There are 2 protein chains.
Amino acid sequence: MTEHEGSGTRERLISAAAELIAASPGEDFSLRAVCDAVGVKMPTLYHFFGSKQGLIDAVVEHGFDVYLGQKESMGSSGDPIQDIRSGWDAHVAFGLENPGFYTLMYGKVRPGYSPEAQSRPSEILRGLTARAAEHGRLAVPSDQAAAHVLVANIGVTLRQIVLAQPDPELSAAVREGVIAAITGTARDSTDPVAATIEIVAAAPDVLGEAETALLLSWLTRLRGDRRDEPGSR
Amino acid sequence: MTEHEGSGTRERLISAAAELIAASPGEDFSLRAVCDAVGVKMPTLYHFFGSKQGLIDAVVEHGFDVYLGQKESMGSSGDPIQDIRSGWDAHVAFGLENPGFYTLMYGKVRPGYSPEAQSRPSEILRGLTARAAEHGRLAVPSDQAAAHVLVANIGVTLRQIVLAQPDPELSAAVREGVIAAITGTARDSTDPVAATIEIVAAAPDVLGEAETALLLSWLTRLRGDRRDEPGSR
DNA sequence: GTATCGCCGTATCGACGCTACACCAGGTAA
DNA sequence: TTACCTGGTGTAGCGTCGATACGGCGATAC
């Protein structure tokens, strides 16, 4: 964690900035503190990075390198959907372990966005969904599935960071919900009456408001009867 | 848009700060600029808010007031799941219209978190999922469903903001995926073979790796035959 | 030897968040 | 009227921040 790999001044500046960011996630950091930690004055820092944003960009790229490094070492399980699962969990784990990096990578709003760094992980995810599509496992286009997974994955991770409260159960629930959505399958036993209820409720214009409400009440009572019969089943 | 409702100095300071934030989303703003816009010096601002964070908190609370105001004026459709849908869309729309506010409200990492402001909208959502649970529409506990919806909703909104690229299709896809997850239903026609594939692939430990792979290949070919009825590739 | 270039320090700039202090309304009590 | 108190406001200044102009140093190239 505290290693400084590479003894170049540039690398030491990046490492020092990374440690400062990791030490106080979400907080701003001072360029002078970075310079002091390395034993260098500010013009040196500006010689390498040009601006504070330049340093941050370099740190973010470093963060992506670390992330991708520990992600590539994970290998494939053979099943693309399973790979998406483990990729999801690795994504969340990295975010919770490096909240400072993560918020910089995925939480920062930049007028002139810089997606070239983010493109690498999303490219990996696109590769996974593309492979899943080749195997006929997806119910939606590959790119759409990748975007769906990515946005939900980022949302779960960012939320856990801002609340400072990990919630593996929630992460797993959202993950399985997303996978069910892109594969077009339902994990749990699907009650056909429940499915019908949702279909009817989602399109109240077809039958009209009153008829929809009436039909819904009937269906709800029907499902209740079927569920509440312990012995008759 | 440029209205200053309330002529008190405090309200005018909040409005000025809100306009500056809205003018440059994601950017930092200067307290001196706020004071200049109101025609007041800094000690006055500090008299009311104590610190910059105090001003930001007041602005965020103001943002939540605006958000909840335009949300409460929406009313209920009668169906709790439909209400969750429209609440989702209103949430996304507010975020895209007020990216500066939104990132402050949901994107900021604070060591000592301040969830008391965020608690109001999530309380509304909890009310919706509780009502859905009363109607027997949920397949998961009410609180878990609310957390699931909220985290995905924030994720979709924040992602569209940071990418500066609205994607209603993605928002709708994630929304329906989430609703399907919490209601335990699948929207699309569920191919039983596809469902079986996902069940088997999700639990490779039951049969062992080799047997699982073999079974998967058979199931995949079976589904392929059923799908590609007219001719095989 | 000297000229060029990469790296780095000295000194300084303007803008920032923040604060000590004095001022001046206005209301209250004597 | 006079005295006092309280709350909003201005003047002036603190320390720190990001950023920059300028010059010095050593090493390599010719």
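What you see is a predicted model; the values in this text were computed from it and never measured. Within every chain, numbering begins at 1; the chains are lettered A, B, ... in the order of the sequence lines, protein sequences first and strands thereafter.
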### Task
Please determine if R85(B) and D79(B) form a salt bridge, counting it only when a charged side-chain N lies under 4.0 Å from a carboxylate O.
no
#### Entry: Separation of atom CZ in R10(A) from atom P in dG6(C), rounded to whole Å
15 Å
### Query
Side-chain contact, heavy-atom cut-off 4.5 Å: Q160(A) with Y102(A)?
no
### Task
Measure from CZ on F49(A) to P on dC8(C) and round the result to the nearest Å.
11 Å
### Query
Which atoms form the tightest heavy-atom contact between G95(A) and T157(A), and what is the distance?
CA-CG2, 3.7 Å
### Salt bridge flag under 4.0 Å for residues R159(B) and D167(B)
no
### Task
Over 60° means perpendicular and under 30° means parallel, so classify the ring planes of F94(A) and Y67(A), tilted if in between.
tilted
### Query
Could you write nucleotides 9-21 of chain D as a row of B, S and -, 5' to 3', where a protein heavy atom under 4.0 Å of any base atom gives B, of only sugar-phosphate atoms gives S, and otherwise -?
SBB-B---BBBBB
#### Entry: Closest non-hydrogen atom pair, P80(B) against R137(B)
CD-NH1, 4.3 Å
#### Entry: F29(B) six-ring face occupied by K52(B) cation (under 6.0 Å, within 45°)
yes
Set out, line by line, the N/O atom pairs under 3.5 Å between protein and nucleotides 3-5 of chain C.
none

## Note on the structure
Of all heavy-atom pairs linking H148(A) and A173(B), the shortest is CE1-O, 3.5 Å
